[in-house]
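A, B, ... follow the sequence lines: proteins, then strands. Residue 1 opens every chain.
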Amino acid sequence: MKDQVVELIGGAIAQLITDGILPEGDIPTPQVDHTRDPSHGDLATNIAMVLSKRAGMPPRNLAAAVVERIPENTVISRCDIAGPGFINFHISQASNLDVVRKILEAGAGFGRSDEGGGKRVQVEFVSANPTGPLHVGHGRGAAIGDALCRLLDNAGWSVHSEFYYNDAGQQISNLALSVKARLDGVEPGDDGWPKDGYQGDYIREVARAYADGETVAAADRTIEASGDTENLADIQAFSVAWLRREQDQDLKAFDVNFDCYFLESSLYTSNAVEEAVERLIANGHTYEQDDALWLRTTDFGDDKDRVMRKREGGYTYFVPDVAYHLNKWERGFERVINEQGADHHSTITRVRAGLQGLNKDIPEGWPDYVLHQMVTVMRDGEEVKLSKRAGSYVTLRDLIDEVGRDATRFFLTARAATSQLTFDIDLALSKSNENPVYYIQYAHARICSVQRKAVEQFDGWTPANGLDHLDQLAHDEEQALALVLSKYPEVVAGATKRLEPHAVANYLRDVAAAFHSFYNQHKIIDEDSAVSLARLALASATQQVIANGLHILGVSAPEAM
RNA sequence: GCGCCCAUAGCACAACCGGAUAGUGCAGCCGCCUUCUAAGCGGCAGGUUCCAGGUUCGAGUCCUGGUGGGCGCGCCA
């Protein structure tokens, strides 16, 4: 509908050039927006203000000239010139309602596009180290990352989701030492408790399972505990597997799945880290100083150079990360999106610098990053500090168990990633019925209920039965609902372009509001069957849009509540 | 001190590439269930968009300088 109006304005502009009112040359595509205020019509354009200088006439006069030249059509029922030179378009009822037909015909495909053209995109997210259960912050990453995958899939990309984790190194050693301490009966605070040890209760459970000789099967590994309390390597392998299993269960409960779990250790065993380092040295981007090897990241926009190989011989964390991203590139992902917490934003410059230094013709701004700000958790009116080591902790599992998967996912995706988020557990718990997700799901369930009734009432009923009667829908609430539904493809396209899934969440609230308002004002199944069939078609189109939108957010669309 | 993100109603948050009278939910107040799900609807109230300048037909949005908050600035990850 918007496209049609853009085209009509384009026709008028072409005529203005023919008539010599506008000079030939670069004319921008007319910008057409939905209006905020219904008194401004349905769509508006600022084209007259943009071109007024070029035409050498006041915006309002130019607007009048544009309106005169808009070709004959059935879409626009009225044009007004308003304010400083806006042209407001009122869309004809029939044209506005045509979206109902489009939605019912396209079904689950409504709002999909093939813009991605089947090109491959890799999305890395969560990537938590196996040193503890997933917390709310990881949950935010999981919810946003998965929604990004779904958005990109919806836009015709071939999406590959990946979880990268560190299964070796200092933090994992600390984990193993913490478990060993528990096995030896050493408590946090005792003499002999490891420095930087993990204090959470879950460490005790890992120790108990190890001592009992349990077998754990995680997504990518199965390990049987030897039970040998002196064998640190066994303890470490078991602990990693045990925590991986925990995280897998958390993610499964959250309905987030990955195509691949990528192990940091594999970059060492495949020699990828060593090869990347050698290449950086060969390319002259490194130097030795203080018995360490440095990467001259300042050549690529960093504010200081960074150590690659530590004095004791090991690599710093970003070196395998560079090797990992080279691996992504060599796997053919021309587009890669990394969703991660903003506390890791300093890695961006280093990883990109390392990639540039490899001289592999990797684009400068590659890969893309989506950073989410921190989640603050409030309980009893006080902030809960998240600390894995101290063990004071709000796990993702707790939230899912307490407030439900749908509500948790919605809450974590409904806000812009750039804004800090306060998750008030008391509010989510005690007033879960007031969570916006129920408002949207309720609209969906209501429609399903009406559809069940329609099947009883009308023999062989399907939503399409109403398509020949759409002219019955002349009320404000009906027109308003159809207008909201018609925005769905633009909303999804915008959310995909800007990598902002929260726009979909906000939009769905608008759809639900328009539907509830319509529902309260008009009885859908009335005596007059033409009106009933038309309203059923409109309601069914609404149900389809809500279902499609909720799917992108990874939230269920219940048929009954 | 430097870098990144943020600042919008009592609270939590929206606002597309700069568009017209800045919206939504919760909390508050007043109404609506003999009708397809009241987890709903209608109405009222609530704002100097942190401050000061600038850019222009037009700024919550862009620029400069402040103030306040979060995160980062390890040979930790």
Side-chain angles (χ1 to χ4, degrees), chain A residues 31 33-37 39-40 44 46 49-50 52-53 58-59 82-86 88 129 131 166 169-172 174 196 264 290-294 302-304 306-318 320-321 341-349 371-374 376 378 411 414-424 427 431-439 441-443 445-454 457 490-491 493-495 497-498 500 502-503 505-507 509-510 512-513 515-521 523-526 532 535-536 539 560-561:
Chain A
Q31 184 187 328
D33 293 308
H34 290 280
T35 58
R36 283 184 188 167
D37 186 339
S39 72
H40 295 147
N46 63 353
M49 289 179 287
V50 173
S52 92
K53 259 182 200 163
F86 289 103
N88 294 333
N129 285 341
T131 54
N166 172 351
Q170 193 59 48
Q171 295 192 0
I172 300 300
N174 288 344
D196 296 330
E264 180 180 358
D290 303 332
D291 298 325
L293 181 69
W294 295 69
D302 205 351
D303 54 357
K304 55 176 141 175
R306 306 291 169 176
V307 170
M308 293 175 69
R309 190 192 295 125
K310 295 180 269 189
R311 198 175 300 143
E312 44 85 357
Y315 291 111
T316 56
Y317 72 94
F318 87 92
D321 219 8
D343 54 338
H344 288 86
H345 80 259
S346 62
T347 69
I348 297 174
T349 313
L371 301 181
H372 65 261
Q373 296 294 317
M374 302 292 94
T376 309
M378 300 288 284
F411 205 92
R415 289 151 168 75
T418 51
S419 83
Q420 290 164 31
L421 186 152
T422 304
F423 203 123
D424 186 331
L427 190 76
K431 304 184 174 177
S432 60
N433 285 357
E434 287 153 10
N435 193 304
V437 71
Y438 296 110
Y439 181 74
Q441 291 182 318
Y442 185 54
R446 261 185 160 175
I447 297 169
C448 291
S449 173
V450 174
Q451 288 173 325
R452 286 190 290 272
K453 193 181 168 190
Q457 199 126 338
E490 301 160 33
V491 169
K497 185 181 172 197
R498 293 186 295 277
E500 291 180 349
H502 77 276
N506 288 324
Y507 166 77
R509 255 194 322 238
D510 292 344
F515 174 75
H516 286 310
S517 187
F518 157 67
Y519 180 91
N520 264 269
Q521 197 63 230
K523 195 148 163 54
I524 293 176
I525 298 181
D526 216 337
S532 298
R535 286 182 180 160
L536 279 165
M561 286 174 76

With both distances under 3.5 Å as the test, what is the Watson-Crick or G-U wobble partner of [N]?
N     : answer
B/G25 : B/C11
B/G1  : B/C73
B/G40 : B/C32

Using whole Å, report how far [atom1] of [X] lies from [atom2] of [N].
X      : N     : atom1 : atom2 : result
A/H372 : B/C5  : NE2   : P     : 16 Å
A/K310 : B/C76 : NZ    : P     : 4 Å
A/Q420 : B/G68 : CD    : C1'   : 12 Å
A/I447 : B/C36 : CD1   : C1'   : 12 Å
A/Y439 : B/C41 : OH    : P     : 4 Å
A/L421 : B/A12 : CG    : C1'   : 9 Å
A/Y507 : B/G25 : OH    : C1'   : 19 Å
A/D302 : B/G72 : CG    : C1'   : 12 Å

Tell me whether A/H40 is stacked on the nucleobase of B/A20, counting only the six-membered base ring and applying the 5.5 Å and 30° thresholds.
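Yes, A/H40 stacks on the base of B/A20, since the ring centres sit under 5.5 Å apart and the planes are within 30°.
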
Establish whether the base of [N] is bridged to the side chain of [X] by a donor-acceptor pair shorter than 3.5 Å.
X      : N     : result
A/H344 : B/G72 : no
A/Y317 : B/A77 : yes
A/N506 : B/A15 : no

For RNA chain B, whose closest nucleotide is more 5', that of A/D343 or that of A/M49?
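Going by which nucleotide is closer to the 5' end, it is A/M49.
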
Should [X] be listed as having a side-chain N or O under 4.0 Å from OP1 or OP2 of [N]?
X      : N     : value
A/T422 : B/C11 : no
A/K453 : B/U35 : no
A/S449 : B/C36 : no
A/S419 : B/A14 : yes
A/R452 : B/U37 : no
A/K304 : B/G3  : no
A/H502 : B/A15 : yes
A/Y442 : B/A39 : yes
A/R498 : B/C16 : no
A/R446 : B/A38 : yes

Between [options], which nucleotide gets closest to the side-chain atoms of [X]?
X      : options             : answer
A/K523 : B/A20, B/C41, B/U35 : B/U35
A/D290 : B/C71, B/C5, B/C75  : B/C75
A/M374 : B/G40, B/G70, B/C16 : B/G70
A/S346 : B/G72, B/C36, B/C41 : B/G72
A/R36  : B/A20, B/C13, B/A38 : B/A20

Hey, does [X] reach any base, or is it just sugar-phosphate, or nothing, if we go heavy atoms under 4.0 Å?
X      : result
A/A44  : base
A/A82  : base
A/D303 : nothing
A/A445 : base
A/R311 : base
A/F318 : nothing
A/A560 : base
A/D291 : nothing
A/A292 : base
A/H345 : base

Taking the P atom of each, how far is B/U61 from B/G53, in whole Å?
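One P to the other, the span is 14 Å.
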
Separation of the P atoms in B/C16 and B/A20, to the nearest angstrom:
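So the two P atoms sit 10 Å from each other.
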
Does A/N166 reach the main-chain N or O of A/N129 with its side chain, forming a donor-acceptor pair under 3.5 Å?
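It does not hold such a pair.
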
Is the number of heavy atoms from other residues, nucleotides or ligands under 6.0 Å of A/K497 NZ greater than 12?
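Incorrect, the count does not exceed 12.
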
